[in-house]
Structures are given as C-alpha cells and as structure tokens.
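For reference, the structure is listed below as structure tokens.
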Number of protein chains: 2
Amino acid sequence: MDRIYKALSDPTRREIIRLLRQRDMTAGEIAGNFTLSKPTLTGHFAVLREAGLIHGEKSGTTITYSLHLSVLEDALALLMDQFRIGQPRARTTASPKVPS
Amino acid sequence: MDRIYKALSDPTRREIIRLLRQRDMTAGEIAGNFTLSKPTLTGHFAVLREAGLIHGEKSGTTITYSLHLSVLEDALALLMDQFRIGQPRARTTASPKVPS
DNA sequence: ACTTTATTTCGGTAATTTCCTAAATACAAA
DNA sequence: TTTGTATTTAGGAAATTACCGAAATAAAGT
C-alpha cells in the first residue's frame with residue numbers, strides 16, 4: 001500500500017500513468033514525452049512496477065508497458081475507505097483535558 | 001495539487017489525517033499517538049497545513065488541529081478524474097512504429 | 001515577576017529520492 | 001559475426017525529506 005502512495009507522489013510517474021491510461025506504450029515512446037533521460041524513466045518504471053501499477057511485456061528489443069487499471073482503482077478505493085470519505089464524522093471537538 | 005500528493009505520501013501524515021477524521025485534536029494529543037518527537041510532528045503539521053488539509057486554531061497555549069475533509073474529498077475526486085477512473089479506456093495497443 | 005505547559009523554530013545529520021553519464025545486455029538485421 | 005537499436009544496470013552527485021535535541025516563544029498559573 002505504501003508503495004502505491006509513493007509511486008503516485010511523483011509528478012513524472014503520474015504523467016506516465018496518465019499516458020498509459022490512453023494506450024499501451026513502449027519504454028521509448030513514453031520517454032519521448034519527457035525531457036528526462038531514459039535511465040531516469042527506467043527508474044520510474046521500476047517504482048510503478050513494484051507498486052503493481054504497470055506491467056512490462058518484452059517483445060524483441062522493445063518493452064511495452066501497460067497500466068493495471070484495476071490496481072489503481074483498488075488503491076483509490078482503499079484510500080477513500082481509509083479516510084472514510086462519504087461517511088459522517090464523529091464528534092468534532094478536542095477533549096479539553098486528557099487524564100493520564 | 002502536488003502538495004496534496006506529497007502530503008499523503010508519508011505514513012505518519014496519513015495517520016494524523018486518520019486521527020483527525022475521528023475528532024479534532026491538539027498538537028500534544030496527536031503527538032501522544034506517535035513515538036516521534038514533537039518537533040518532528042510539528043513539521044508534519046506544517047506540510048499538511050500547506051497542502052490545505054488541516055487547520056490549527058490557537059487557544060491559550062494549545063493549538064487544536066482540525067481536518068479539512070472537503071479539501072481531501074476534492075483532492076481524491078480530482079485524482080480519480082485525472083486517471084479517468086470509471087470511464088472506458090481507449091485503444092490498448094502500442095503503435096508499432098512512430099515515424100518522426 | 002517567576003515558573004510551568006504547549007508548541008514552535010533553529011541547526012544539523014542521516015536516509016531517501018531524483019537525476020545524470022557511461023557501460024552492459026539483449027535482440028534483430030545485415 | 002558485426003552493427004545497430006531499445007532498454008537496463010551501475011555508480012555517483014545534488015536535492016529533498018525525516019528526524020532529533022536544544023533553544024525560543026507565548027500564554028497561563030502562582
């Protein structure tokens with residue numbers, strides 16, 4: 001779970017996800033959308049892969065990356081659940097004194 | 001927007017949010033839930049405040065923090081929208097060759 | 001005025017993250 | 001088998017982050 005948050009915390013990685021939302025792309029195609037070096041992008045792919053958000057399929061000399069939309073959906077759902085968004089909050093005042 | 005992602009990327013800050021979801025709490029009360037030092041927690045409060053996720057109200061010597069649930073909700077909604085979750089994806093194959 | 005309590009600011013260290021260039025790998029084509 | 005293309009791994013620099021103890025601030029109680 002923590003890996004997914006970390007993966008989403010970088011703007012470059014969010015942009016990669018946005019690109020893969022549209023269609024599968026090779027590592028080189030994705031890199032073409034950035035001014036960053038390819039090794040740097042490779043590092044971002046690794047973070048996304050370790051979070052389970054993308055998957056790379058090797059074919060010949062190219063690797064085509066695809067998004068695991070379901071993992072992203074589940075993560076977002078869990079995030080909303082964790083903060084119990086949509087449900088009413090409890091009392092909204094701090095306890096005035098906390099006896100130890 | 002980026003500040004919100006960054007704010008959510010740390011487990012300690014997510015726990016602070018979780019605590020404030022239940023009820024408003026003073027800085028000291030929140031700190032009581034962690035083994036971390038108070039200055040460290042103060043730093044986390046600042047990150048959350050700068051992201052607009054919490055707000056501190058000073059009263060006497062204490063500061064009571066409260067969660068801006070609406071900001072969190074909006075951020076999550078935007079996040080889902082950014083990745084267009086719930087909508088169908090486009091073509092799912094990489095273009096075989098990209099002529100420059 | 002002095003002390004206590006709650007919290008922050010300061011200054012610095014260690015860990016992590018992001019990024020780069022150069023070199024390695026792996027496959028395909030000539 | 002040599003060459004070219006796509007991508008990764010390795011090694012390291014720079015920036016950012018998370019953390020701490022000590023000192024500062026600020027309000028309240030004595």
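The chains referred to below are lettered A, B, ... by the order of the sequence lines, with proteins before strands, and numbering in each begins at 1.
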- Task: Output the single nucleotide from dT7(D), dT17(C), dT7(C) whose closest atom is nearest the side chain of Thr26(A).
- Result: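 Output: dT7(D).
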
[atom1] of [X] versus [atom2] of [N]: gap in Å, rounded?
X: Asp10(B); N: dT16(C); atom1: CG; atom2: C1'; result: 12 Å
X: Arg3(B); N: dT17(D); atom1: CZ; atom2: P; result: 11 Å
X: Arg14(A); N: dT18(C); atom1: CZ; atom2: P; result: 11 Å
X: Glu50(B); N: dT17(D); atom1: CD; atom2: P; result: 11 Å
X: Ile54(B); N: dT8(C); atom1: CD1; atom2: P; result: 9 Å
X: Lys6(B); N: dA18(D); atom1: NZ; atom2: C1'; result: 14 Å
X: Arg13(A); N: dT16(C); atom1: CZ; atom2: C1'; result: 12 Å
X: Glu57(B); N: dA26(D); atom1: CD; atom2: C1'; result: 16 Å

Flag the pair [X] / [Y] as yes when at least one side-chain heavy-atom distance between them is below 4.5 Å, and no otherwise.
X: Glu15(A); Y: Asn33(A); result: no
X: Phe34(A); Y: Thr40(A); result: no
X: Arg13(A); Y: Ile17(A); result: no

- B/S/- contact track for nucleotides 20-30 of chain C, protein heavy atom under 4.0 Å: BBB---SBS--

- Item | Test side chain to side chain contact (heavy atoms under 4.5 Å, CB included) applied to Asp74(A) and Leu78(A), step by step | CA-CA 6 Å; Asp74(A) 291 353; Leu78(A) 213 58; over 6 Å; no

- Message: At less than 4.0 Å, is any side-chain N or O atom of Tyr65(B) found next to OP1 or OP2 of dT8(C)? Yes or no.
- Response: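 Checking dT8(C) against Tyr65(B), a side-chain N or O does come within under 4.0 Å of OP1 or OP2.
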
- Do any side-chain nitrogens or oxygens of His44(B) fall under 4.0 Å of OP1 or OP2 in dT17(D)?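 The answer is no; no side-chain N or O of His44(B) sits under 4.0 Å from OP1 or OP2.
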
- Identify the heavy atoms of Ala7(A) and Leu48(A) that sit nearest to each other, and give their distance.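 Smallest heavy-atom distance, with atoms named: CB-CD2, 4.1 Å.
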
- Item | Selection residues 2-11 of chain A - residue pairs positive for salt bridge (charged side-chain N to carboxylate O under 4.0 Å, His left out), sequence neighbours left out |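 Matches after skipping sequence neighbours: Asp2(A)-Lys6(A), Asp2(A)-Arg14(B).
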
- Name of the residue among Glu57(B), Met25(B), Arg49(B) meeting side chain to side chain contact (heavy atoms under 4.5 Å, CB included) with Tyr65(B):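 Testing Tyr65(B) for a side chain to side chain contact (heavy atoms under 4.5 Å, CB included) against Glu57(B), Met25(B), Arg49(B) leaves exactly one candidate, Arg49(B).
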
- Message: Just to be sure I understand the rule, does Thr62(A) reach a base, reach only the sugar-phosphate, or reach nothing, if contact means heavy atoms closer than 4.0 Å?
- Response: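 Result for Thr62(A) = sugar-phosphate.
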
